[in-house]
Amino acid sequence: MRRRDLVSHGSDLGFVPAPQVRWLDPPELARTALKVVLASVFTAYGDRREVQAALPGGLVEPAHRPDGDLWLDFVADLGDGFDATYTVATLLAQPELKVAGADGPLALPRGHVLVLGGDEVYPAASARGYEHRTTGPYGAALPAPPPGAVLDATTEPTLLAIPGNHDWYDGLTAWLRVFTRGASVGAWRTVQRRSYFAVRLAPGWWLLGLDSQLDEYIDEPQLDYFRTHVTAHLRPGDAVVVCAAEPAWSKAGRDPDAFNQLHFFEREVVRYRQVPGRPGREDTGARVRLWLSGDQHHYCRYASRAPGSASPVDAAGPADPRAVQAVTCGLGGAYLGDTDRLVDHLVLPPPASRMRSKDSPGTPFDRVGPTYPPQDQSRRLRRRIANPLSPYWAGRRNLGLLATAGVVQLLVVGCLAGLLGVLRGGSPTLLRGLSGDVAAAALGAAAWVLGLLLVHVALAATMPGGRLARLVPATTGVGLQLVAALVVLVAAVAVPWPAWSPALTATLVVPFVVVLGALLGTQAFALLLLSRRTGVVAGWQMSGQAVTDRKGFLRLCLRTDGRLVVYPLVVDTVCRRWDVEARDGGARPVPADGLPAVRLLEEPVVVAQEGYAS
C-alpha cells in the first residue's frame, strides 16, 4: 500500500504518515514565514538557552557503552515526508547494513549512538509535528525492546540531538519536551538535558553538539558548560568532533563572516583555556578533527591542506588521515538540495572576516571526493522546476501554487481587459475589454509590461548593490506575470465566443482564463526561480520540487586503535510501497519490497586522532 493508504491505519500505528512538505504552496509559505518572524522576535527577548542553565548539566553519558569499537550514526534534516523519513529510519534501525566496498562487501553494524544533526521536523516545530513526522516513524522503525529483555548498547542505542532553525520556530518548546526529558523514541534512549551536549566517546575523543539558535551568538551559559566540562579536561593530542546546525565552512566561501561563530568556539573552548592564577591563556593541545553538519540537503566534504602546501588536496586521491574534515550531510528525509554552487577552495577563517581575534593566516580547505547529488546532475535537477513535462514541475509538485496562479491571472487579466474597455469608451468589465480586437488587447497589455521591464532594468543597472536592488526579483516576477496575463488575454480575445449568448460567454470565459492563467502564471513563476542565482528565491528551485529520493546518512566507527572512520551511505530510491506488520497489540509499517539498496558514496574517510604537526 502507498503512504496515503497507511493514513487509515493511523490509530494502530500511533501516528499519521505525513506527505512531503510542498514548500511553494502559498498557505505553507505563509505559515512558515509567520513562524520565522515570530521566532526571530520572541527569541530575541526570551532565549531558551539561558533558561536551560537551571537544568542538570555535566557530561552526557551514553545509556550503554559497548566493549571494543564504538559505532555512531549521524543523520540530519529528517522529519519530512513519511516515505523518505521512514526509509532512512528503517535503514538506521537495521542490526547490520551490507554495502559494497572497493575490497568487497562491508558489514556495518547499527550505531550504538544516533546523533540527529538539526531540523528534526518540517516545516516548523510543534508537538503534533514531531509525533507524526519524527518520533512516530523512528519509534516504529526500532520498537522498544520487550519487558525483561537484556538491555545493552545494541538493543537500546543512545539518541542525541541538536536543534536546527526549523526546531527553533516555536521557541524550542516542543523540541525540549521530546529530546531532553529522558524519554525513549522506540528503543532509542534520550539522555541529554539541554539543547547542547558533550560526550567523552573514548580516551582522547570528544563529541560536542552546539545550539546556535537561529545563527545567534553562542550564549554564555552554553560556553560555561563547555568550558567547565570539556575545556578544563582536554589533554594534548585530544581529538574533538563538533556537530553544528549549519555548515558555516561551506558558506564562508561567499560570506567571510559565516565561520566566525564556529571559529570562536574552536578557539575559546577547544584550543585555549584560561588557567586561574596564570596570565594569558594556555594551549590545550586538543584540536577539532571533524566538523559535522546538515542544514544543506546534500553531501559534500572539505579537507584541510597540509601546512605550507600550495597545491590543493587531490580530490580523487585517498583522504589524508591527518587532515581536518568538514562534512555536510543533510539527507535524512527533507527535499534534495543542489551542489553545483559549492566553492572548490576556501580559507578558514577567511582573510576578509571581521572577527577581531582570528587565526592569521587561516587554514586552506579544498572540496574533495564526490558530492551527492553529483554537480553535473544538480544543474539538470534544478531546471526541472520549469519543465511542464516533468513530474517535478512547480505546478505539479505544488497544487496550491497552481490554484493561486489561476486566481491571480484572473484578476490581472480582468484589470487589463477593464483598462482596455475604459480606453475604448466602454464599461470597465472583462467582457467589454475582450470585445476589441487582438491587436488592441496586445497593445494595451504590452504597455504595462514595458513599464515594469523599464523599472527592472533601471534598478538592476543603477543600484546593483543597494537596498532597492532587492526589488529586482519582485519586479521580474511581476513582469513575467504580466507577460503571462498578456498571452492569456490575447488567447481569450482570439477564441470565437458565442456572440448570440453573452451569458454563456461569461460562463465559459472565466474558467478559460483561470485554467490557462494557472498554467502560464505558474510557468512564469518557475522561470523567475530559474533566473535567480543566489538568495532565498534561488533556493526554491530545489525545495519547490520536494524530491523524495536520494537520501542518506553517515555511519562512523571509533576504533580501539584511536582512529575514526566515516562511511557516507546513500540510498538512491526510497521505499514507496508498505505493508503493515502487527505486533504487541499495535502495528508498524515495513517495506513491501524489502529494504532499498544502500551504497557507499565514497571510500571510508579515516580521521586520525592527531593531525598535522603545527
Test: Arg599 and Asp572 ion pair at under 4.0 Å: yes

Notebook entry, point to check: Trp23 and His297: aromatic ring centres closer than 6.0 Å?
Noted result: no

Discussion item. Main chain of Ala198, side chain of Trp206: is a donor-acceptor contact present, judged purely on distance under 3.5 Å?
Written reply: no

From the list Leu159, Thr90, Leu92, side-chain contact (heavy atoms from CB on, under 4.5 Å) with Tyr138 holds only for Leu92

* To do: Measure from the ring center of Phe365 to the ring center of Trp291 and say whether it is less than 6.0 Å.
  => no

| message | Between Trp578 and Asp83, do the side chains contain a donor N or O and an acceptor N or O under 3.5 Å apart? | response | yes

Check your understanding: Using the ring of each side chain (for Trp, its six-membered ring), is Phe179 parallel, tilted or perpendicular to Trp175, with breaks at 30° and 60°?
Key -> tilted

| message | Has Thr371 got a side-chain atom pairing as donor or acceptor with Thr339's backbone, closer than 3.5 angstrom? | response | no

For Pro145 and Leu151 the tightest heavy-atom approach is CG-CD2, 3.5 Å

**Prompt:** Would you say the ring centroid of Phe226 lies under 6.0 angstrom from that of Phe265?
**Reply:** yes

- Would you verify whether the NZ or CZ of Arg384 falls within 45 degrees of the ring axis of Tyr392 while also being under 6.0 Å from that six-membered ring's centre? yes

Are side-chain heavy atoms of Leu142 and Arg110 found at a separation under 4.5 Å? yes

Counting only pairs under 3.5 Å, give me each side-chain donor-acceptor contact of residues 320-331, with atom names and distances, residues two or more places apart or in other chains.
{"from": "Asp320", "atom 1": "OD1", "to": "Arg322", "atom 2": "N", "distance (Å)": "3.0"}
{"from": "Asp320", "atom 1": "OD1", "to": "Arg322", "atom 2": "NE", "distance (Å)": "3.3"}
{"from": "Asp320", "atom 1": "OD2", "to": "Arg322", "atom 2": "NH2", "distance (Å)": "3.0"}
{"from": "Asp320", "atom 1": "OD2", "to": "Tyr612", "atom 2": "OH", "distance (Å)": "3.0"}
{"from": "Gln325", "atom 1": "OE1", "to": "Arg301", "atom 2": "NH1", "distance (Å)": "2.9"}
{"from": "Thr328", "atom 1": "OG1", "to": "Trp249", "atom 2": "NE1", "distance (Å)": "3.4"}

From the list Asp77, Asp167, Asp80, salt bridge (charged side-chain N to carboxylate O under 4.0 Å, His left out) with Arg133 holds only for Asp80

Open item on the list: Whether the side chain of Ser378 engages the backbone of Pro373 through a donor-acceptor N/O pair (distance < 3.5 Å, no angle test) should be reported.
Closed with: no

Self-check item: Note, Arg289 side chain near Gln609 side chain (heavy atom, < 4.5 Å)
Solution: no

Are more than 12 heavy atoms, taken from residues, nucleotides or ligands other than Asp67, located less than 6.0 Å from that residue's CG atom? no

